[in-house]
Structures are given as C-alpha cells and as structure tokens.
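Okay, so here's the structure we're looking at.
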Amino acid sequence: MVQTCDFLVIGSGLAGLAYALKVADHGKVVVLSKTQVGNTNTAWAQGGIAAVMSAEDSFEEHINDTLVAGAGLCRPDVVRAVVESAPERIKDLFAWGVRFDLEDRRTGAKIDLTREGGHSKRRILHVQDHTGQDIHKAVLERARNHPNIEIREDQFAADLILNRDLQSYAMDPPRCLGAYVFDRAKGEPVEYFARLTLLATGGAGKVYLYTSNWSGATGDGIAMAARAGARVANLEFMQFHPTCLYHPSARNFLITEALRGEGAQLVTADGEAFTKKHHPMGSLAPRDIVARSIDAEMKKSGAPCVYLDITHKPAAFLRERFPVIHRRCLEFGIDMTKEPIPVVPAAHYLCGGVLTDLAGRTDIAGLLAAGETACTGLHGANRLASNSLLECLAFSQNAAQFTIANKDRFPLPDPRELPRRPREAANEDEMIVISHMWEEIRRLMWNYVGIVRSNRRLLRAKTRLDNILVEIKDYYGGYGMHPDIIELRNIALVASLTVECALRRKESRGIHYTIDHPEKDGAIGQDTVLIPANA
Ligand code: FAD
Ligand code: SIN
C-alpha cells in the first residue's frame, strides 16, 4: 500500500512535533511513531531546557559553557546560532502552552531558573522534575489539533525509499522519496511517499546494557541514514549520565542533574564527597568528568554504586521541587529527604548521529534530520546538560524554514510507482535467537565500549560485532519487515559504527576516554566522519 503526504516526519518526540507544527500551514504532514506517541525520550526529560533568560546571564556565557563542555569539537557558528535563538524558541513553547515554573507562583513574577553541570549560571527552565512530559503533552496537543497534521502510531519505519528504488526515477540525482514502514497494528508493510522526509527518531541508548532511555531508542534513524548512504559522525560520543537510580528492580530511571544544581553531593558509601578530587566544580563539573570520577570510585572500592545526598535540604522543598523522583524513590523504599539515593552512570545521550548542516540537511536531497538522531555540531565531544531539548527546537525551526522555502523543488513521486521492498514474515523459531543477540550486543558495548575504553577492548568488540552482523545478514536477510529484526539490525549497525568511530579517534576528548591515548590531541578536534561506503 502507498500513502502520500507533503512532509513525512519519522518520530513523534519534540524534534518531530515541533517541525510538524512549523510546516503544517504549507502542506499535509504525517508524523510516524514506532509504538505509542508518548513513547519518547522527550517525555522522560526531567531537568529542563537551557536558555539565557535573565539579566545576570549572557549569550556569551552560554556559548562559552557549551564550547567548554564540547571539548574543542563544537561548531562555534552552530553554537552561537542555537544559543542566540533560544529565547525565541522558548517563546514558541509558551505559545504552545508550556507553563514553566515561576519563582513565585502567586505573583507569577520571574521564571524559576535552575542550574546543572557545566553551566556557569542558573539558566534551566523547568516544570518541577517533569519538564519533558509537560513539553511533550503541550506540543502533542497542538499537533493533534492542527487539521494538516496526522499522527500515526505503530508505524515502524524500516528504511528510506530512495529514487534508485523506483524505475522511472532511478537515473535522477540521489534523493529520498519517503520511507518503507511496517504497520505493526495491521502487520503489513506500507510505503510513505513525501516531498521531504524528516528523520527525528531520537537516540540510541538501548545499544548499551544500562541506559536512561526508553526502550525504543535503538538508533533507527542513524541506521536508516547510513544504509541509504548519508554520512554519520561522532558516534564514539555516547554520553553517560552520572546518576541513574541503582536498585535491582529500577530500570532506566534518571535522577536529574538539577538535584546537584540544588546542592546534592555525590558521596561514597562512607559519606565521603569525592568529586572535588577530580574537578574544581565538584558534583557540578561537566558530565563526562563526573561519570568518570564515579566509575573510578566504584572501581577503586568495588562498590556497586555511589550515593547522591540532598538530605540537608528541607523535606518540604524536595517534595515540591522533585515530586516524581521523590515518589519513585519511595516506591523502592528510599526516602530521599532522609537518606542518600544510590546511583550509577548509564548511557544517556548520543552526541553524534546523522551529519547535518545548520538547516538540518543531510547528504541525501529531500532528507532532513533533527533532534538526537542528528549530529549538528552543537554538542561536540560532550553535550552540555539541557541543551538537547533546545537543539530539537532550534533545528526543527531551521529545517522547517528550509522546507517551506524549497518544497516545490521536491515534487511528490508518482504514487502508482511501487518500489521494491522486503515483504517476508519472520520465522517464529528464530525469534529466541534475536533476544540472545540483542542481549549480547548491549552487554559487549557496556563492557568494551563504555566509560573507559582501550584499543584492546574496542578490537574485541569489533571482532564480535563483525560476526554478529554477518549472522544477522545470513539468518534474517529475508525477514526484513519484522520490528524485532529491524531493531536488532539497527542496534548491531549503530554499535559497529560506534566502535569504528572509537577506533579511529586516537586521543581522549570529552566523553571518549581511552587509556591508550589519555590526552587530547590539540585544543581543536576533528569530527569522526564515516563516509557511506564505509558504513
Ligand atoms: P525522542 O523524543 O526520543 O523521539 C523519538 C521518536 O522517534 C519517538 O516518537 C519514536 O517512536 C520515533 N521513532 C524511533 N524510531 C522509529 C522508527 N523506526 N519508526 C518510526 N518512529 C520511530 N534533554 C534536555 O535538554 N533536558 C533534560 O532535562 C533532559 N532530560 C532527559 C532525561 C532522560 C531520562 C532522557 C532519556 C533524556 C533526557 N534529555 C534531556 C535528552 C532529551 O530528552 C532528548 O535528547 C530529546 O528529547 C530527543 O528528542 P527527539 O525528538 O530527538 O527524540
Ligand atoms: C537531567 O535532568 O539530569 C538530564 C538533563 C539532560 O540530559 O540534559
């Protein structure tokens, strides 16, 4: 079955929905979600969104903090453009109905700004500790009420449709014409044709065994773009969030950095505050440094976790400011008002992704990318906390402007032309093997491509991943349209591209730390760009 629209948006997180809202007055938009529309990293964001909103702060300081965290790998023009556009993007959020916390709710006086690691000023707008949920709800409601936007759930994009797949377009210059999608509800394939396609599929935390991400964060956009021949870059920079809840029954639960912004200290089981030994900013140092210092303390002591202590703050303040975390910890028998919270680092945010320019254009005409799936140059070797929701908005805006100005250069393909596509159903007998391979990839990425790396461990990961990729091709080459197989294929590819990037970087920079090259190779770094032939 073929479906058509002007603008196809793959992903219903902040990047996808903000773009949809911006282009919707200029054509029909279809937004795809691989499961239910609320299943996104966006809805899980806790801390907030960074923007210069106070007279005590300045663009120059936000730019400088972003560049310092990015460790010589940010694109300064991109950083400036994003930081300077932030107040306008915050206005968009207000217009869409987001109500950020105010310093005084009664008088409605000033926006309450909190602080996070690597920020020299308080500049994080938030809604208690459920900022992402409120942003997503507001943007989704707007999108649902727009007559030109259709949001479709259970639509799993498997690959991009390129003009080489259609007989009468095969000789044209390379262009994306939409996506091959698996309709999970109906159990059948659908082809979506569009003038322009936005990849907004989010991150890839699930490539690692322990992650703060939702279960569908399997790097699908990066894998699709790489298979289609677009360059991907800087995948070695998977950011590990220092503080995820450590409890046998708690999976993927983040303890926001804003807790440290409000004075929480990282301590050992003996109550020793250790982060100042590693950086003068202590618990509020950039994330890579805090995550590595936790890793070092855990290795030194053999302890399974460290602790985050905010018991010096009044209980009423903690209950009011961090209601979600307070409630969740209580479910696990931890009262954060009285005792420190056990925490460990976990894979959190992918700084690399599909290479784009400032307009969100990828290497393939007609294919744009925004949000966590993109590598825009904003984050460099280490993202500054709360800059990613901002990036979603900034690049959706830029991509929308490009779309509106250029849509007529991208005519809709003839819907009567059927592209070749994989149609086979999966063999039930093989499904158990998929979960074994899935587990193996995630465990080896955690063990060999984690917070502290070495050539030997990376090469070991590469050997195993090379075999796994061959096995996947041999066993499942024919079962192209089963969601579990598509995800397995994607995490295997993203894992292997990550290792390739990590092996190429012969230095330690930002998040990428290897004992074989412990120093930075010069103040300004080079992106690790994988060209399509290598991918
Ligand atoms: P997402 O919001 O993850 O949305 C991805 C969408 O793509 C989903 O709708 C999914 O269904 C869809 N999709 C994926 N693959 C396919 C496919 N194959 N076919 C169809 N659809 C597909 N950042 C901040 O700036 N501030 C914070 O406070 C903050 N806190 C965070 C807390 C947590 C726990 C996590 C996990 C992240 C946090 N981040 C934060 C990061 C930030 O939330 C994300 O980077 C950002 O929300 C990503 O938005 P996105 O639109 O790119 O992707
Ligand atoms: C957090 O709230 O600690 C997450 C912030 C972020 O990832 O930007």
Next on the checklist: My understanding is that only one of His126, His119, Glu262 makes a side chain to side chain donor-acceptor pair (under 3.5 Å) with Thr114; could you say which?
Outcome noted: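 The option that passes is Glu262.
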Item to check | Listed partners of Cys501 passing side-chain contact (heavy atoms from CB on, under 4.5 Å), at least two apart | outcome: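 Applying side-chain contact (heavy atoms from CB on, under 4.5 Å) to Cys501 gives Leu235, Glu236, Thr528, Leu530.
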Checklist entry - Among all residues two or more places apart in sequence or in another chain, which pass the side chain to side chain donor-acceptor pair (under 3.5 Å) test with Thr211? => result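 Result, side chain to side chain donor-acceptor pair (under 3.5 Å) vs Thr211: none returned.
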Next on the checklist: If we count only N and O atoms by modelled type, under 3.5 Å, do the side chains of Thr362 and Thr356 hold a donor and an acceptor together?
Outcome noted: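 The answer is no; no qualifying pair exists.
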Item to check | Asn382 side chain to Gln239 side chain, donor-acceptor N/O pair below 3.5 angstrom | outcome: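 Side-chain D/A pair, Asn382 to Gln239: present.
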Do other residues, nucleotides or ligands put more than 12 heavy atoms under 6.0 Å from [X] [atom1]?
X      : atom1 : answer
Gln36  : CD    : yes
Gln167 : CD    : no
Glu188 : CD    : yes
Arg505 : CZ    : yes
Lys407 : NZ    : yes

What residues form a ring pair (Phe, Tyr, Trp, His ring centres under 6.0 Å) with [X], not counting sequence neighbours?
X      : result
His348 : His241
Phe94  : Phe100
Tyr208 : Phe240

For [X] against [Y], the heavy-atom pair lying closest together:
X      : Y      : result
Arg260 : Thr243 : NH2-OG1, 3.7 Å
Gly38  : Ala43  : O-CB, 3.7 Å
Ala346 : Ser212 : CB-N, 4.2 Å
Ala400 : Lys22  : CB-CB, 3.4 Å
Glu487 : Gly216 : OE2-CA, 4.2 Å
Met224 : Leu199 : CE-CD2, 4.1 Å

Next on the checklist: Between Phe7 and His26 (judged by ring centroids, cut-off 6.0 Å), do the two rings come close enough to count as a pair?
Outcome noted: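 No; His26 has its ring centre 6.0 Å or more from that of Phe7.
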Item to check | Salt bridge present between Lys34 and Asp154 (N-O < 4.0 angstrom) | outcome: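 Asp154 and Lys34: not salt-bridged.
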Checklist entry - Out of Lys121, Arg123, Arg383, which one pairs with Asp65 under the salt bridge (Lys or Arg N to Asp or Glu O under 4.0 Å) rule? => result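 The option that passes is Arg123.
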Next on the checklist: Nearest 0.5 angstrom please: Leu367 CG to Leu198 CG, how far?
Outcome noted: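 The CG atom of Leu198 is 8.0 Å from CG of Leu367, to the nearest 0.5 Å.
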Checklist entry - Which residue pairs satisfy the side chain to side chain donor-acceptor pair (under 3.5 Å) criterion with at least one member in residues 43-52, sequence neighbours excluded? => result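 Output for this query is empty, none listed.
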Checklist entry - Okay, side chain of Asn490, backbone of Thr218: is any donor-acceptor separation there less than 3.5 Å? => result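 Answer holds: no.
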Next on the checklist: Before you tell me yes or no, could you show the steps for Glu500 and Arg504 under salt bridge (Lys or Arg N to Asp or Glu O under 4.0 Å), namely the whole-Å CA-CA distance, both residues' side-chain angles and the distance that decides it to 0.1 Å?
Outcome noted: CA-CA 6 Å; Glu500 181 63 36; Arg504 286 190 190 192; 3.0 Å; yes
